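One structure is given below, encoded as structure tokens.
Since the structure is predicted, the reported quantities are computational estimates derived from the model, not experimental observations.
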Amino acid sequence: MRKMRPAIILFLFWISPVFADEICSELLSLWLSNDLTVQKYTILAEQAALNLDKTYINNGIDITLSSGTMTFKTTDGEGVLTVKPSAELTIPQANGTSITASGTFTNSESKDSWQDLQILLMTDIISSSALSRKIEILKSKRELLEARRNLRIKALEAENNFYSALKELFEYAVDVFDKKNDLYEKQLALRKVQSQGYSRTSPTYRSAALEVQSYERKVEKAVRELNRNTAIFAALCSKDFDYDAENQSEEKALSFLPQSVTAPLALNIADFRAESYADIESAAWAHYIAELERKADTHFSLRGGAGYTFNNTDANSDTADGKLALEWGGLSASAGVALPTGKKVLKSKTEASEEKSPVYTLSLTLTPNTFRLNRISKKSGALDSDIEKIAIDSAWEDYKTAVLDKTMSLEDIVWAQKNYADEYALYASLAADNLRNFRAGIITESDYLDAKANRDMAKINALISDIDLIMYNNSILQLFHDDASDTDLAEVSATKRERI
């Protein structure tokens with residue numbers, strides 16, 4: 001069986017402290033360590049953390065170096081090597097600033113030279129690239145946050161599965177005691193028939209004896225069910241349980257199971273912030289990030305830059321360069337100017353031209369349908385926003401229902417705890433009295449065993465009510481996110497339409 005990572009176990013006990021005796025704590029720890037779903041979601045959380053690291057790298061400072069195409073040829077018996085290297089430095093957090101250097105270097109036996117060696121700095125003047133970068137990082141952070149939340153929820157579910165299985169075993173034990181009570185009543189009825197003088201061959205006696213035998217089988221069946229399910233439970237906890245098909249008794253199962261389960265203080269749903277209700281927070285986040293994406297989809301950007309080109313072949317001189325690039329819907333335009341300096345700083349095959357006339361470049365691309373599609377996208381985005389707000393309102397309605405449901409559930413659990421505790425105290429006192437009376441010969445053994453079974457059944461019912469409270473608390477914790485960001489909560493407050 002695959003072992004759970006130590007970090008997982010520490011996390012599980014951090015998110016949901018165990019309120020139980022030593023045996024229950026040990027069983028719960030083993031149950032959680034064997035839960036494959038928890039292990040899976042732990043790995044998914046680790047993957048999300050790695051994805052966030054990749055997002056930071058992809059949106060951080062980047063350097064690209066390239067040798068370009070290298071060409072070697074011979075001209076007039078002389079070897080000539082031509083290389084077109086380039087380098088680029090991008091700084092997204094600085095308005096998408098980039099610095100590029102590229103050119104053509106020629107090496108021959110007689111002379112080395114550079115042509116069109118340009119150093120260009122470009123930056124965003126008007127652009128949504130900074131917002132798009134922010135969105136990408138936010139979504140990656142959200143992925144990690146949700147992965148950790150999912151792990152927390154799966155751990156709570158695994159704990160609830162444990163307590164649900166434990167509760168079911170206690171219910172099997174209650175069934176055993178309940179059937180034993182019925183058996184004791186039938187045994188008393190048989191003794192009454194005997195005291196009335198009926199012979200063993202009489203129909204009345206035989207009928208009473210058959211009922212006793214029938215209830216003895218019912219008790220035995222209930223005991224076998226208890227032991228069989230306890231063996232399964234023990235296997236899920238990686239614990240040994242000596243199941244003996246020929247030697248069945250409830251004491252074996254009850255000695256394996258916890259003798260006490262100390263319930264925590266009840267969580268009141270009204271004490272939790274409504275904004276951190278999972279459905280509300282998730283709906284608000286979906287609307288928040290969608291609004292940012294719609295804001296980033298501006299269909300307009302303007303980018304500008306300046307640079308210097310050594311040995312510009314178009315001007316036969318070094319040039320000071322300027323460039324603008326425009327994106328607007330379906331229109332793309334770029335314009336550039338190169339101002340000759342009339343000199344060449346680096347080696348060249350030719351002398352610099354004294355002509356200083358500027359060199360202009362212009363490029364235009366038009367796609368008309370893009371404008372039409374953008375208008376449709378804008379209308380669609382407005383409708384999407386309305387749907388997202390409805391989802392937030394719906395989550396608030398669900399929250400109202402959850403508050404009512406959980407409040408009433410807690411009242412029922414507290415009522416059950418009090419009643420079973422009182423019932424156990426009464427039956428424990430009665431069982432003690434009956435034990436003394438039985439030893440004094442005042443009552444029969446069946447009378448004492450009946451009282452003892454009622455006491456044990458009341459004790460187990462009290463344990464079940466404590467388990468119900470633990471499971472209730474876990475269900476409350478699953479409904480809320482205790483790590484909701486200030487941004488998310490602010491967005492909830494801004495978009496919800498009705499207060500509770």
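Closest of all the heavy-atom pairs between A155 and V38 is CA-CG2, 4.0 Å. Summarising the geometry of L410 relative to L267, their closest heavy-atom pair is CD2-O, 3.9 Å, with the distance given to 0.1 Å. Between N312 and A338, the shortest heavy-atom distance links the atoms ND2-CB, 4.1 Å. The two atoms that bring I99 and L121 nearest to each other are CG1-CD1, 4.0 Å, heavy atoms only. Closest approach of S67 and V83 over heavy atoms only: O-CG1, 3.3 Å. Scanning both residues, N229 and E225, for their nearest heavy atoms gives ND2-O, 2.7 Å.
Between F105 and W114, the distance from one ring center to the other falls under 6.0 angstrom. A distance below 6.0 Å separates the ring centres of F233 and W31. Under the 6.0 Å cut-off for aromatic ring centres, Y172 and F170 do not qualify, their centroids lying 6.0 Å or more apart.
S394 places no side-chain N or O within 3.5 Å of a backbone atom of I390 that could act as its donor or acceptor partner. Put simply, the side chain of S66 gets close to the backbone of G68: a donor and an acceptor are under 3.5 Å apart. For S164 (side chain) and N160 (main-chain N/O), no donor-acceptor pair under 3.5 Å exists by modelled atom type. The backbone N or O of E136 lies less than 3.5 Å from no partner atom in the side chain of N59, so there is not a single donor-acceptor pair. When atom types are taken as modelled, the side chain of S363 and the backbone of A333 share no donor-acceptor pair closer than 3.5 angstrom. Within the 3.5 Å criterion, the main-chain N or O of G381 finds no donor-acceptor partner in the side chain of S385. Checked by atom type and distance alone, the side chain of S317 pairs as donor or acceptor with a backbone atom of G342 at under 3.5 Å. In terms of modelled atom types and a separation under 3.5 Å, the side chain of T319 and the main chain of A315 share no donor-acceptor contact. Side-chain atoms of S33 come within 3.5 Å of backbone atoms of L30 as a donor-acceptor pair (strictly under, hydrogens ignored). S29 places no side-chain N or O within donor-acceptor distance of the main-chain N or O of S25, the cut-off being under 3.5 Å.
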Side-chain donor/acceptor pairs under 3.5 Å, residues 462-471, sequence neighbours excluded:
{"residue": "S465", "atom": "OG", "partner": "A462", "partner atom": "O", "Å": "2.6"}
{"residue": "D466", "atom": "OD1", "partner": "Q417", "partner atom": "NE2", "Å": "2.7"}
{"residue": "D468", "atom": "OD1", "partner": "K167", "partner atom": "NZ", "Å": "2.8"}

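Checked for salt-bridge contact, E293 and K139 meet the test: a charged N lies under 4.0 Å from a carboxylate O. Under 4.0 Å is where a charged nitrogen must lie from a carboxylate oxygen, and between E291 and K295 no such pair does. Note on K54 versus E143: no salt bridge recorded, every NZ/NE/NH1/NH2 to OD/OE distance being 4.0 Å or above. Between E146 and K141 there is no salt bridge, since no side-chain N of the basic residue sits under 4.0 Å from a carboxylate O of the acidic one. The existence of a salt bridge linking R294 and E388 is confirmed by a sub-4.0 Å separation between a basic side-chain nitrogen and an acidic carboxylate oxygen.
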CA sep, side-chain torsions, deciding dist, call: W415, E411, side-chain contact (heavy atoms from CB on, under 4.5 Å): CA-CA 6 Å; W415 175 86; E411 291 173 354; over 6 Å; no
Given side-chain contact (heavy atoms from CB on, under 4.5 Å), test I392 with H287 step by step and report yes or no. CA-CA 8 Å; I392 294 174; H287 179 58; 4.0 Å; yes
Working note: L144 + R148, criterion side-chain contact (heavy atoms from CB on, under 4.5 Å); need CA distance, chi angles, decisive distance, verdict. CA-CA 6 Å; L144 175 57; R148 288 174 174 169; 3.7 Å; yes
The test is side chain to side chain donor-acceptor pair (under 3.5 Å); show your working for T341 and D318 and say whether it passes. CA-CA 6 Å; T341 62; D318 291 356; 4.7 Å; no
Check against side-chain contact (heavy atoms from CB on, under 4.5 Å), L117 and T309: CA-CA 5 Å; L117 175 58; T309 302; 5.9 Å; no
Could you go through Y308 and D321, starting from their C-alpha distance and side-chain angles, then the distance that decides it, and tell me whether this counts as side chain to side chain donor-acceptor pair (under 3.5 Å)? CA-CA 6 Å; Y308 192 90; D321 308 320; over 6 Å; no
Working for side chain to side chain donor-acceptor pair (under 3.5 Å), residues R133 and S128: CA-CA 9 Å; R133 175 180 176 273; S128 61; over 6 Å; no
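One finds the CG atom of L373 at 9.5 Å from the NE2 atom of H299 (value rounded to the nearest 0.5 Å). N474 CG to L156 CG: the interatomic distance, rounded to the nearest 0.5 Å, is 5.0 Å.
By the 6.0 Å contact criterion, NZ on K323 is open, its count of non-hydrogen atoms from other residues, nucleotides or ligands being 12 or less. More than 12 heavy atoms of other residues, nucleotides or ligands lie within 6.0 Å of CG in D271, so this atom counts as buried by the packing criterion.
Between K134 and L131, the closest side-chain pair of non-hydrogen atoms falls below 4.5 Å. At least one side-chain heavy atom of S332 sits under 4.5 Å from a side-chain heavy atom of E327. By the 4.5 Å heavy-atom criterion applied to side chains, F162 and L32 are not counted as neighbours. Within the 4.5 Å cutoff, side-chain heavy atoms of L257 are placed close to those of L166. Using a 4.5 Å cut-off on side-chain heavy atoms (C-beta onward), I460 and E171 make no contact. Counting heavy atoms from C-beta outward, E275 and E281 have side chains that stay 4.5 Å or more apart. Inter-residue side-chain proximity for F371 and W328 is flagged as met; some heavy-atom pair is nearer than 4.5 Å. Side-chain contact between R142 and S282 is present, with at least one heavy-atom pair separated by less than 4.5 Å.
Between the side chains of N95 and T123, no donor N or O sits under 3.5 Å from an acceptor N or O. Judged purely by distance below 3.5 Å, without hydrogens or angles, the side chains of S102 and K84 never pair a donor atom with an acceptor atom. Of the N and O atoms on the side chains of N34 and S238, at least one donor lies less than 3.5 Å from an acceptor on the other residue. A side-chain donor from one of D124 and S129 sits under 3.5 Å from a side-chain acceptor of the other. In this model, no donor atom of one side chain and acceptor atom of the other lie less than 3.5 Å apart for E88 and T90.
Between F480 and Y399, the angle of the ring planes goes over 60°, which puts this pair in the perpendicular group of the 30/60° scheme. The aromatic rings of Y288 and W285 are tilted relative to each other, their planes meeting at an angle between 30° and 60°.
With sequence neighbours excluded, the residues satisfying ring pair (Phe, Tyr, Trp, His ring centres under 6.0 Å) with F256 are F241.
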